[in-house]
Amino acid sequence: MARILKKIPNFKLPKYKMRDIDEIEELNIEYTPEIIEKLRKKNIKAGDGQGYAGTEYKTIKEVFLKSTEEFRDRPFILEKFNRKGGFEEITYGKFRDDVVNLGTGLTRAFRLKGEKILIIGETTYEWYVSYMAMLCGAGIAVPTDKELPDNELENVIKRSDAAAVIYSPRKKDLIKKVANHCPGVRYFMEMYSDNKVNGRFVGLDHVMEEGGFLTEMGYKGYLDIEIDPDAFAVLIFTSGTTSAAKGVMISNTNLAYNINSVTPYVYITPEDRVFSVLPLHHTYESTIGFLYPMAMGASIAVCQGLRHIASDMKETSPTAIIAVPLLIESLYKKINQGIEKSGKATAVKSMISLTNGLKNLGIDVKRKVFKDIYENLGGRLRIVVSAAAPIDAKVGKWLEDIGILFLQGYGLTETAPIAALTPDFDTRVGSAGKSVVWDEIKIDNPNERGEGEILIKGKTVMLGYYEDPKATSDAIKDGWFHSGDIGYMDEDGFIYITGRSKNVIVTQNGKNIYPEEIENLLSKVEEIAECMVYGKEVAGEKELIITARVIPDREMIKEIHGDNLSEEQIYKIIWEQIKKVNRKLTNYKTVKKLEIKSDEFEKTSTMKIKRFAELAKDKEKEQ
């Protein structure tokens, strides 16, 4: 249901001016035992191997009130409100005032207390304000994908029974299309507009002004609203990668314990800055990219569009980025292409080898040695977090090789979203992490390899599916949420995802094939931009045919194989690469058929291919 973009837009990183090894002072020191011991002590940090002191929040309002008071004068949100201007800093104090004014306006002036209010639009300051106003007592938030077409948006408005819709100016035309079909909506509120009430339309700034007037007059009703931690607080419609979207009911407990679960594993401070690139309607961004840094007093820099990643990072100097594998892999490719073009690829490999050796002795000089790479990413980047889908392990390994903490998380909308995470003091590239502090994870009915469905129990698990008790009882049994994901757990409790049960291809003799395993191998082929593996039904065949549907990377094919190639030649080039991948697979898993796709895959907000939507298109064509 949710879509963010068809593919990662092309973006450019500046040219590299890598230093040679003999120019780097840290690699030309004679490391005596005394120097090694001194540096080793210097590099030890609190929390290594044992975790950090966790938080114990019960509600997000508690987090909000504490952080906006303690960090009142510190920067919170950085955004470009004028494309030609620079980033503007909005303080925690300003954010607090705006949230209180909006919450007061919604609950008192516009009589919407306890109602469902849908929020739709790109990531922008007033989106943050709107969401927080809801979590602090205005009502039930319904964060919604900004890419929905009018018919799907109308469906969400009606299914959620929204009493009001808050929307960004870019969504004005879309809102006009659906307004007449949604008589149940009392108000449509446009961000960054101070228009007074005109029928059902009103400017969100006007709502804030009305609330501000009341607070100035001494009204404290909004701040006095008590939050029931276990009450229904947020309604999120899932992306629907395998089935029709369900409405997930999230509580304050779910969100607060996401924060409580992450703090023992990852250490950030008010000096940190998170770079926001993912849509806020998704729990991954709204919880871990917004609520968590707010709890720590950190700041958030809003990316002004994927094409502007490089320039925005350079301008805002973030220390952390939370992203999906497709974006991280794109950054990895761009960085390495720049290194190759600079003629320093061999030097970088040597530096990695030398610094890894020093790190094994307890001496970490990576940030100094690779500062030329860091400069193109703003100079301060120290954490990259990947979640929502599997990522090529070599990407995570390379990031750690140049000194960036590479963390992986696992969860679903139904866990709001974190259920597992790699601690920053025990990173394991390839693992999706270990169960967070307030959750339990177990593998259901494991096979001979230890693989089975991942079950989750704990504080982050949703209340249930909205108005769908059967789906809820099917998903949550004896307190355990059945994720639908397949994986195994190592002896230390780290989770490894191997597939998704609903995607599994079952052979005639009962063998299970997980498409993700094959897709991961195909994703390493330079000539392939994107792919989807599935079991194709063929008339007269009992067995499903393992098929790879591929979007060629035409730029890379041109660079490697030359220009002016026919479609037949491109097919043969990719098929030859698939045959090489097949050699790494057992026979029953090998790809038997190749389909070249000319248009883009339909994707969710976290850039996962919607398999069911792709296969549904096939059935439509056959009819």
Side-chain angles (χ1 to χ4, degrees), residues 1-4 59-60 115-120 131 134-135 139-148 152-153 155-162 228-259 261 278-291 387-389 409-420 436 438-439 454-477 479-485 500-502 604-606 608 610 612:
M1 174 177 168
R3 290 179 287 274
I4 180 171
T59 69
I60 296 303
E115 298 284 1
K116 298 186 193 74
I117 298 181
L118 187 145
I119 309 169
I120 185 168
Y131 188 54
M134 301 303 293
L135 292 177
I140 297 170
V142 188
T144 302
D145 183 2
K146 66 183 176 64
E147 300 299 329
L148 290 186
E152 290 190 38
L153 176 59
N155 181 45
V156 170
I157 291 172
K158 290 178 177 177
R159 282 185 65 185
S160 65
D161 194 28
D228 177 354
D230 297 317
F232 179 18
V234 181
L235 174 60
I236 302 175
F237 287 91
T238 63
S239 57
T241 54
T242 56
S243 60
K246 301 182 183 75
V248 176
M249 296 188 293
I250 300 294
S251 69
N252 259 269
T253 291
N254 299 147
L255 297 173
Y257 277 88
N258 258 267
I259 295 170
S261 293
L278 298 178
L280 270 170
H281 75 273
H282 198 280
T283 51
Y284 185 19
E285 183 66 22
S286 60
T287 302
I288 307 305
F290 171 24
L291 303 181
Y410 167 72
L412 305 94
T413 305
E414 288 88 342
T415 56
I418 295 296
V436 291
W438 293 97
D439 281 349
I454 296 170
L455 307 188
I456 307 161
K457 177 190 282 188
K459 294 284 192 178
T460 73
V461 176
M462 66 173 179
L463 298 172
Y465 292 116
Y466 182 60
E467 296 182 339
D468 198 339
K470 184 181 185 306
T472 301
S473 61
D474 287 344
I476 303 176
K477 299 172 184 175
W480 289 94
F481 172 66
H482 289 243
S483 69
D485 291 318
R500 182 152 182 84
S501 62
K502 294 179 182 178
T604 72
S605 61
T606 51
K608 289 183 282 190
K610 287 187 177 181
F612 82 93

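Start at 1 with the first residue, then count along the sequence. Hydrogens, waters and symmetry mates are skipped; everything else that's a heavy atom, side chains included, is used.
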Looking at [X] and [Y], what are the two nearest heavy atoms and their distance?
| X | Y | value |
| --- | --- | --- |
| A416 | I250 | CB-CD1, 3.8 Å |
| K246 | R159 | CA-NH2, 4.3 Å |
| E152 | L148 | OE1-CD2, 3.5 Å |
| L235 | Y466 | CD1-CB, 3.6 Å |
| T413 | T283 | CA-OG1, 3.8 Å |
| F237 | S160 | CE1-CB, 4.2 Å |

Which residues pass the side-chain hydrogen bond (donor to acceptor under 3.5 Å, both in side chains) test with S261, sequence neighbours left out?
-> none
side-chain hydrogen bond (donor to acceptor under 3.5 Å, both in side chains) filter on Y131, not counting sequence neighbours, yields none
Check whether any side-chain N or O of [X] sits under 3.5 Å from a backbone N or O of [Y] as a donor-acceptor pair, and report yes or no.
| X | Y | answer |
| --- | --- | --- |
| Y284 | A387 | yes |
| T460 | A419 | no |
| N252 | D230 | no |

Apply side chain to side chain contact (heavy atoms under 4.5 Å, CB included) to the pair H281 and T144, showing each step before the final yes or no.
-> CA-CA 5 Å; H281 75 273; T144 302; 5.6 Å; no
Any side-chain heavy-atom pair from [X] and [Y] closer than 4.5 angstrom?
| X | Y | result |
| --- | --- | --- |
| I119 | L280 | no |
| D439 | I418 | no |
| P417 | N258 | yes |
| L153 | L118 | yes |

Within this structure, what is the [atom1]-[atom2] distance for the pair [X] and [Y], rounded to the nearest 0.5 Å?
| X | Y | atom1 | atom2 | result |
| --- | --- | --- | --- | --- |
| K459 | L255 | NZ | CG | 13.5 Å |
| F481 | T472 | CZ | OG1 | 10.0 Å |
| H482 | I476 | NE2 | CD1 | 9.5 Å |
| I456 | M462 | CD1 | CE | 10.5 Å |
| I120 | I157 | CD1 | CD1 | 7.5 Å |
| I259 | T287 | CD1 | OG1 | 8.0 Å |

Salt bridge (charged side-chain N to carboxylate O under 4.0 Å, His left out) partners for D468, two or more places apart | none
Pairing residues for K477 by the salt bridge (charged side-chain N to carboxylate O under 4.0 Å, His left out) criterion, not counting sequence neighbours | none
Residues L412, D485; criterion side chain to side chain contact (heavy atoms under 4.5 Å, CB included); working and verdict = CA-CA 10 Å; L412 305 94; D485 291 318; 4.1 Å; yes
Report the residues that fulfil ring-ring contact (aromatic ring centres under 6.0 Å, His included) with Y465, sequence neighbours left out, ordered by chain and then residue number.
-> none
All ring-ring contact (aromatic ring centres under 6.0 Å, His included) counterparts of W438, not counting sequence neighbours = Y257
